[in-house]
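Counting begins at 1 with the first residue of the sequence. It should be emphasised that the depicted structure is a prediction, and the values quoted were computed from it without experimental measurement. Every number for a ligand or one of its atoms is a count from 1 in the order of the listing.
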Amino acid sequence: MNFIETRGNEAGFDTEVAFSYALLNPSASFGGLYIPKTLPKLEAEFIANNHDLSYKDLAYKILKMFEIDIKDEVLQEALALYDRFDNVADTTPVVKIAEDLFVNELYHGPTRAFKDMALQPFGHILSDLAKKSGKKYLILAATSGDTGPATLDTFANKENIQVVCLYPDGGTSDVQRLQMVTEEGKNLKVIGIHGNFDDAQSALKTLLASNTFKEELQKNHISLSAANSVNFGRIILQIVYHIKSYFSLLNQGEIKEGEKIYITVPSGNFGNALGAYYAKKMGLPIAKILIASNANNVLTDLILKGKYDIRDRKLILTNSPAMDILKSSNVERVLFDKFGAQRTKDFMSSLNKENHYELTKTELEALQEDFDAVFCDDAYGQEIIKKYADNGYIMDPHTATCLKADETLKTEDLKNVICSTAEWTKFAPTMLNALNKDDKKYSDLEALESISKALNIEITPSVSVLFDKKVLHDKIVEKESIEEEILKFINQ
Ligand SMILES: *Cc1c(COP(=O)(O)O)cnc(C)c1O
């Protein structure tokens with residue numbers, strides 16, 4: 001199956017490209033994104049016949065339905081990386097935490113956030129393509145804390161790939177920062193920047209579009225690619241776990257075939273939510289996708305009022321930093337799907353030039369057929385963490401934003417599956433504040449140890465060892481110096 005572009009076609013770009021091309025060259029015409037030309041259908045028969053497959057076998061079947069140009073053997077090797085997760089027999093446990101309420105635990109991979117769900121196999125597929133093409137690729141990743149570690153982990157020491165990872169200094173937890181700055185691999189470079197995640201992401205987008213930068217790279221025979229969720233290679237892998245969660249409910253006897261469910265997603269760049277949207281379009285019985293935001297509630301305004309407006313907004317640093325985003329890249333793919341390329345191009349250029357765009361009433365209604373939204377502030381999130389911990393279930397601050405959606409948005413008496421995007425160990429100081437109902441400044445290490453003792457739970461070994469590892473990347477620079485730093489790394 002081929003891929004087309006969200007903002008229409010520009011001279012010099014092919015009107016359709018193969019999956020492998022979109023992976024290696026994620027930036028499409030006019031700065032747009034690639035999307036599949038059509039979506040495969042999940043027939044009732046598919047659900048009936050495949051609900052007891054293992055995670056990786058299900059992933060394989062679904063990827064095959066997209067008819068992508070990746071060899072079977074490579075796909076199998078890539079999906080075998082799910083064996084690195086905690087439990088091979090249950091890669092993404094779906095846990096019941098209350099009546100009609102379930103958590104899809106997506107964080108059991110090597111870096112303890114759901115980014116591993118896509119980035120583990122994605123890294124293998126991309127490295128293989130790079131190696132076979134005989135070209136060298138530079139992967140630029142901007143991270144608010146979880147993409148960075150997952151990208152570095154998947155690409156460490158891979159041939160023909162170099163990775164530069166930009167993170168906002170002070171915008172991540174100690175665990176997240178240590179996961180990045182202690183990562184070994186000669187092909188990796190981690191740079192902290194003075195600024196927030198949006199600054200890091202805009203710097204990345206500017207570089208991806210910069211011809212002078214590309215020319216510098218070409219001198220070194222290096223092409224650019226991206227591992228952020230602008231890359232469809234990540235999105236395709238994020239469709240699978242939503243389908244898997246439905247199958248888990250079937251297998252647990254919680255729902256009957258065809259019964260609708262809600263899926264609730266704590267959203268930032270909207271990659272996770274987009275995966276759910278595609279699953280719904282493919283035919284998974286989803287009543288609605290509930291979008292949880294934090295105080296940076298741009299998505300809430302879009303879905304409730306049809307207005308994407310960041311003119312008077314400043315990014316707020318919250319307890320759920322992976323959702324501290326104002327420009328949410330993957331919304332574009334939904335706009336394209338509903339309103340077409342011309343309209344999407346207009347929306348995006350309005351957003352880039354004037355920092356806002358607005359849907360018509362009919363367009364808003366079309367969006368609301370699939371989505372509803374609410375935001376959750378830090379104080380409420382903290383209460384939720386405490387309430388569930390007291391009942392024996394530990395959820396991280398991102399996951400906690402979903403409970404407000406469960407409490408306020410359901411209009412039908414259906415089961416709700418909340419996506420849990422990170423393990424508590426990545427945000428231990430916030431967790432301890434919630435449990436102790438205080439706002440003291442704890443270090444990650446003391447918070448981890450204190451929670452571990454109080455709740456009698458183990459600190460995940462891959463997290464506790466971080467504190468004894470050597471820091472290998474200590475650069476923190478101004479935004480203006482990023483390009484120079486990257487070129488230094490490439491030319492070394
Ligand atoms: C990345 C991330 C999110 C946001 O996911 P998107 O796909 O960008 O919307 C939410 N929670 C955590 C813990 C994350 O790492």
Shortest protein heavy-atom distance from atom 4 (C) of ligand 1, along with the residue and atom involved: G268 N, 3.6 Å

Using the ring of F30 (Phe, Tyr or Trp, six-membered ring only), decide whether K345 places NZ or CZ under 6.0 Å from its centre and within 45 degrees of its axis. yes

Between K426 and Q179, does any side-chain donor sit less than 3.5 Å from a side-chain acceptor? yes

Which residue and atom name correspond to the protein heavy atom nearest atom 15 (O) of ligand 1, and how close is it? D146 OD2, 2.5 Å

Where ligand 1 meets A422 - atom numbers and elements under 4.0 angstrom, heavy-atom basis: 13 (C)

For F375, does the six-membered ring have the charged nitrogen or CZ of K404 within the cation-pi criterion, i.e. under 6.0 angstrom from the centroid and within 45° of the normal? yes

Is it true that Y34 and F232 have ring centroids separated by less than 6.0 Å? no

Any atom of ligand 1 sitting under 4.0 Å from a heavy atom of S229? no

Which protein non-hydrogen atom lies closest to atom 14 (C) of ligand 1, naming both residue and atom, and how far is it? K115 NZ, 2.9 Å

Tell me the closest heavy-atom pair linking A389 and L435, and the distance in Å. CB-CD2, 3.5 Å

State whether the shortest distance between N or O atoms of F114 and N or O atoms of ligand 1 falls below 3.5 angstrom. no

Please say whether N269 places an N or O atom under 3.5 Å from an N or O atom belonging to ligand 1. yes

Provide the number and element of each atom of ligand 1 under 4.0 Å from a heavy atom of G271. 6 (P), 7 (O), 9 (O)

Provide the number and element of each atom of ligand 1 under 4.0 Å from a heavy atom of P266. 4 (C), 10 (C)

Minimum heavy-atom separation for N269 and S328, please, with both atom names. C-OG, 3.3 Å

Among Y60, Y241, Y55, find the one that has a ring-ring contact (aromatic ring centres under 6.0 Å, His included) with Y82. Y55

Which residue holds the protein heavy atom closest to atom 11 (N) of ligand 1, what is that atom called, and what is the gap in Å? T421 OG1, 2.8 Å

Can a non-hydrogen atom of A273 be found less than 4.0 Å from any atom of ligand 1? no

Element-labelled atoms of ligand 1 that are located less than 4.0 Å from some non-hydrogen atom of S267: 9 (O)

Under 6.0 Å from the CG atom of D312, do we count more than 12 heavy atoms belonging to anything else shown? no

Indicate the atoms forming the closest heavy-atom contact of L42 with A279, along with that distance. CD1-O, 4.4 Å

Starting from atom 7 (O) of ligand 1, locate the nearest protein heavy atom and write down its residue, its atom name and how far away it is, to 0.1 Å. N272 N, 2.9 Å

